[in-house]
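Here the structure comes first, spelled out in structure tokens, and everything after it is commentary.
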2 protein chains.
Amino acid sequence: MPRTAANRPAMLAQSAFDLFAERGFGKVAIDDIAAHVGVTKGSFYSHFRSKHELILAACSYYYRSYQQRIHEEIAPLTNPAERLRRVVETSVRTCIVDKRNRMFTAEIFALSLKDEQVRNGWAQFYDSVREMYVGLVMSAQAAGYTDIANPRGAVDMMLAAIEGVKLRAGFEPHIADEDEQQAIVDGLLSIVLLKSSNSTRPEKATS
Amino acid sequence: MPRTAANRPAMLAQSAFDLFAERGFGKVAIDDIAAHVGVTKGSFYSHFRSKHELILAACSYYYRSYQQRIHEEIAPLTNPAERLRRVVETSVRTCIVDKRNRMFTAEIFALSLKDEQVRNGWAQFYDSVREMYVGLVMSAQAAGYTDIANPRGAVDMMLAAIEGVKLRAGFEPHIADEDEQQAIVDGLLSIVLLKSSNSTRPEKATS
DNA sequence: GATCAAGGATACCCTCCGGTATGTAACGTG
DNA sequence: CACGTTACATACCGGAGGGTATCCTTGATC
């Protein structure tokens with residue numbers, strides 16, 4: 001082994017995420033990423049075979065971070081409606097507060113149009129998120145918080161709305177305001193839950 | 001004047017849109033665009049000062065095309081609910097059927113993160129679309145097709161959902177199926193109109 | 001029909017950047 | 001303590017592509 005080993009690949013992937021989120025895939029050179037970790041390009045290429053491989057690693061890093069965060073947020077909660085609301089809140093907050101995530105995902109979308117591996121990676125991630133949401137909604141349904149006819153379709157529409165709001169936030173930063181955030185969460189939840197009552201909030205639950 | 005003049009700038013902008021939509025801003029060289037019109041780079045630079053200027057022109061081209069199409073679609077309609085539905089249908093169809101538009105807007109989103117002019121251009125376009133929708137919804141409301149409390153908020157959420165579905169279509173092409181399209185239109189309209197009845201379709205109107 | 005402006009072509013430059021070739025210092029292993 | 005392996009550095013290559021310099025062509029105008 002050479003001087004320092006540590007987990008360079010992971011560090012490089014994380015630095016890549018940081019820089020990609022800041023400037024986009026195209027405007028970040030391998031030299032930049034390597035320098036960001038305190039290493040040179042030659043060394044970089046002993047960990048990754050190509051820039052493309054690094055991009056995939058950066059994507060994985062993002063996916064893992066998101067899922068880990070969601071998991072941490074709902075771990076202590078047991079009430080289905082609470083869990084659902086918390087996940088939506090976390091998703092909204094992550095997208096709005098963390099500008100980097102917004103920018104990174106926008107880059108993914110653009111790249112995925114031309115890159116099958118990136119596209120497949122995102123599709124897989126998206127599917128797992130969808131399944132999580134479907135599970136949450138169906139739990140909420142079983143507990144009487146909603147009687148939505150088509151949970152899967154509603155979740156799809158809500159996820160689409162999240163993506164749309166994410167994009168909009170890039171153009172209208174005022175969405176980052178606290179009160180706006182709450183309105184968005186309510187709007188999103190209303191797609192998935194009953195409209196007639198504010199049954200989302202657990203203390204107002206009807207069952 | 002030289003051999004052929006015509007409206008080269010417009011042709012270049014349109015070709016730029018075509019190629020950008022196909023390969024993305026970064027992967028299209030000026031040479032490609034010039035060649036696509038049957039011209040060389042030197043000539044290109046007598047019409048545009050930079051690639052950036054061309055990108056802005058391609059954006060304008062897209063915005064104008066969209067607005068023109070919407071206008072043509074609703075021109076013959078007078079019933080407010082019909083007009084609203086037609087616009088949503090047109091938006092959905094354009095996004096789903098025309099892959100190029102999807103790809104082009106994805107590129108815009110990615111670029112706008114780093115380019116203020118592109119961002120402002122989109123913001124302006126988006127605002128005009130929003131105002132159009134708000135007008136349509138309020139007309140529908142005045143005619144009794146909906147009693148939605150906050151038309152502006154509902155329109156925002158619906159536009160967000162459109163953007164989200166647009167993105168999703170990049171990963172799940174089956175959305176392009178005819179029946180799926182109708183479901184999406186209904187889903188979107190339900191955000192803006194009353195849920196209890198299918199009052200969207202004019203022949204079922206309650207007033 | 002001489003002049004001139006503008007569209008167009010050709011050729012070139014220069015920079016950036018992904019990737020490679022090569023060297024070297026540390027570590028594990030026998 | 002040789003020896004291979006691995007993480008790292010240095011230096012370089014080569015292609016791509018944005019932009020420019022320069023010349024040519026054409027048509028309008030007087």
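Order of the sequence lines fixes the chain letters, A, B, ..., with proteins taken first and strands second; residue numbering starts at 1 for each chain.
Annotation: side-chain hydrogen bond (donor to acceptor under 3.5 Å, both in side chains) contacts of B:Ser50 (sequence neighbours excluded): none.
In this structure, NZ of A:Lys27 is placed 12 Å from C1' of D:dG18, rounded to the nearest angstrom. When the P atom of C:dG7 is taken as reference, atom CE of B:Met11 falls 14 Å away, rounded to whole Å. Atom CZ of A:Phe44 is separated from atom P of D:dT10 by 17 Å (rounded to the nearest Å). As a whole-Å value, the separation of B:Leu12 CG from C:dG7 C1' is 12 Å. The nearest whole Å value for the distance from the CZ atom in B:Arg49 to the P atom in D:dG18 is 18 Å. The nearest whole Å value for the distance from the CD atom in B:Glu53 to the C1' atom in D:dG19 is 13 Å. Between the NZ atom of A:Lys51 and the P atom of C:dT20 there is a distance of 15 Å, rounded to whole Å. Per the geometry, CG belonging to B:Asn7 stands 16 Å off C1' belonging to C:dG8, to the nearest Å.
A donor-acceptor pair is defined here as one N or O able to donate and one able to accept, closer than 3.5 Å; no such pair exists between the side chain of A:Glu163 and the backbone of B:Glu163. In this structure, the side chain of A:Lys51 engages the main chain of A:Phe25 through a donor-acceptor pair within 3.5 Å.
Within a 6.0 Å radius of CD in A:Glu172, other residues, nucleotides and ligands contribute more than 12 heavy atoms. Surrounding NE2 of A:His71 are at most 12 heavy atoms belonging to other residues, nucleotides or ligands under 6.0 Å away. Within a 6.0 Å sphere centred on NZ of A:Lys27, other residues, nucleotides and ligands contribute 12 heavy atoms or fewer.
Heavy atoms of A:Tyr45 sit under 4.0 angstrom from at least one base atom.
B:His47 has a side-chain polar atom (N or O) that falls below the 4.0 Å cut-off from OP1 or OP2 of C:dG8. Considering only side-chain N and O atoms, B:Arg8 lies under 4.0 angstrom from the phosphate OP1 or OP2 of C:dG8.
Residues from residues 29-42 of chain A that place a heavy atom under 4.0 Å from any atom of DNA chain C, listed by number: A:Ala29, A:Ile30, A:Lys41.
Between atom CG of residue A:Asp32 and atom CD of residue A:Glu22 there is a gap of 10.0 Å, rounded to the nearest 0.5 Å.
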